[in-house]
Amino acid sequence: MYKMPPNERSVKKLIDFNSNDVKYRETNDNWNCFNHIIWRNVLYYTAIHIAAIYGSYLVFTSAKILTTLFAIFLYHISIFGVTAGIHRLWSHRAYKASLPLRIILGIFSTIAYQGPIYEWACEHRAHHKYSETDADCVNSKRGFFFAHCGWLMCAPHPAVADHGDKIDSSDMLFDPVVAIQRRHYKPAAIILCFVMPTVVPMYFWSETLCNGFFVCVWLRYILALNACWLVNSAAHMWGYKPYDVSIGPTDNSPIAALVLGEGYHNFHHTFPWDYSTSEWGWKCNVTTFILDQLATIGWVYDRRYATRDLIEKRRARTGPKDHVFIHQDIGY
Ligand SMILES: [Zn+2]
Ligand SMILES: [Zn+2]
C-alpha cells in the first residue's frame, strides 16, 4: 500500500530531482560487488537469456513471419512505454500527457516488464542525482557489465538506499495511472508481458504455443531489456561529450537509434528536463517524433526543452574547449 503524499510538499521538491548533486562524490573502495552476488538472480538472468537465444533460433526455423513482426511491434511499443512514459514523462516530468495517453503509456511500460513505474522512476532520479557514484545503482565506474546488468545480480551498495530515500518522488503517486499500475503490477505484468504476447499469435494466426512464448515473450523481452541497459552501460562509457565534459554520460547515436532516441546521454544528463533528450529533434529519436505528433492532437502538451541560447551558454561553460560544434536547425 502507498500513502498519498501531502500536496504542497511534493510539488516544491520537484525541482530537486532534475539536478546533479555535485557535492556528493562518495567512493568506498572496500565495497566489492563480487562479495554481494545474489546467485538466484544470476541463474534467473542466465536462464532468460538462454530462452531468448532459443527464441532467435525459432525465428529462423519454425516461427511464422507474422509472429516475428508481432515481436518487433511489441519490442517497439514496450520501449516507447519506457522512453516516453516512465522516463521522460514520469521520471523527469519533461512534458504533460492527457489521461488516455498516460493509460496507454502505463500499458506499454507494463509490457516492457522493467518494474513498476514508480520504482523505476525513483531509481532513475537517484541515477541522475548521484551519477557515477556509489549511490548510483548502475554506477558505470564499476565497469560495463556491472552498469549493464551486473547490478541486478548483486545486493546494492548501502549508499543506494541511504541516498535514494532522500529524493522525494511522491509527486508521481498523484497520478492514478502510476498508483494503480503499482498496486496491480504483478498480475498486470503476467498478463501483458507473458500471456498476451503468447496467446495473440496462437489465436489470430494459429502459431504454436512454443513459438509465441519464446519469440514474442523471451526474445522480444530480452532484446528490449538489453537495448535499455545499453543506455546505462555504453552511453555512460563511449561517445562524445559536447555539453559537459565533467560528467560520465556520453552522446551515442547508435544506441539512440536502438532505444528510440535515448542515446544522447550527455545532453540528457545536462538537461534532464528536456522532453526530447537531445537537441536534434526527430533525428534517431522516434520517441520525440511520436510525442510531437501527439502534441498536434493535444495528448502531449507543455513540452519543456532547452533553448539554443541556453545550450550554447552551457556548452561554452562546461563543454569541450577545442571543439567547434555546428548547429542543425530543427525548427523549434
Ligand atoms: Zn544515465
Ligand atoms: Zn533520465
Side-chain angles (χ1 to χ4, degrees), residues 14-22 24-25 79-95 105 109 112 114-115 117-152 156 160 163-164 167 169 171-172 178 225-256 258-279 285 287-288 291 303-306:
L14 285 182
I15 333 133
D16 195 41
F17 64 72
N18 271 329
S19 62
N20 286 334
D21 190 341
V22 286
Y24 177 73
R25 284 291 179 267
I79 288 192
F80 184 72
V82 174
T83 59
I86 313 185
H87 188 219
R88 301 186 194 185
L89 175 65
W90 284 298
S91 296
H92 294 295
R93 302 191 65 165
Y95 68 95
L105 291 172
S109 66
Q114 295 188 9
I117 297 164
Y118 180 75
E119 273 72 14
W120 196 109
C122 288
E123 272 179 3
H124 190 70
R125 288 178 180 184
H127 163 68
H128 273 264
K129 197 162 186 64
Y130 306 116
S131 189
E132 270 80 38
T133 71
D134 287 342
D136 175 9
C137 64
V138 291
N139 182 6
S140 65
K141 290 258 171 76
R142 299 193 191 285
F144 178 90
F145 186 79
F146 180 89
H148 192 71
C149 60
W151 63 282
L152 290 160
V160 172
H163 290 77
I167 297 175
S169 296
D171 57 283
M172 279 184 284
V178 177
L225 209 50
N226 276 279
C228 293
W229 286 343
L230 281 171
V231 179
N232 293 331
S233 53
H236 270 258
M237 302 178 90
W238 305 307
Y240 301 103
K241 296 183 181 179
Y243 308 98
D244 192 337
V245 291
S246 71
I247 59 176
T250 58
D251 274 25
N252 191 316
S253 303
I255 292 175
L258 271 181
V259 198
L260 309 187
E262 297 287 351
Y264 303 103
H265 219 47
N266 192 257
F267 180 93
H268 177 55
H269 273 256
T270 310
F271 305 105
W273 38 265
D274 185 298
Y275 87 100
S276 181
T277 69
S278 92
E279 64 170 319
N285 203 332
T287 303
T288 296
L291 290 179
R303 287 165 291 171
R304 301 163 74 195
Y305 60 87

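Below, each value reflects all heavy atoms present in this structure, side chains not excepted, and no hydrogens, waters or symmetry copies. First listed ligand is number 1; within each ligand, the first listed atom is number 1.
- The closest side-chain donor-acceptor pair between H236 and H148, if any, does not fall under 3.5 angstrom.
- Of the possible donor and acceptor atoms, one in the side chain of T133 sits under 3.5 Å from a partner among the backbone N and O of Y130.
- H92 contributes NE2 as its N, O or S atom closest to the Zn ion (ligand 2).
- Within H127, the N, O or S atom at minimum distance from the Zn ion (ligand 1) carries the name NE2.
- Of the possible polar contacts, none joining the D251 side chain to the K241 backbone as a donor-acceptor pair under 3.5 Å is found.
- Angle NE2(H268) to the Zn ion (ligand 2) to NE2(H128), rounded to 10°: 90°.
- The atom name of the N/O/S atom in H269 closest to the Zn ion (ligand 1) is NE2.
- Seen from the Zn ion (ligand 1), atom NE2 of H236 and atom NE2 of H265 lie 100° apart in angle, a value rounded to 10°.
- The closest approach of H124 to the Zn ion (ligand 2), by N/O/S atoms, is made by NE2.
- Using modelled atom types, one finds a donor on one side chain and an acceptor on the other under 3.5 Å when comparing E279 with Y243.
- No cation-pi contact links R303 to Y95, judged by a cut-off of 6.0 Å to the six-membered ring centre and 45° from its axis.
- One of the N, O or S atoms belonging to H87 lies under 2.8 Å away from the Zn ion (ligand 2).
- Using cut-offs of 30° and 60° on the angle between ring planes, the pair H127 and H265 is parallel.
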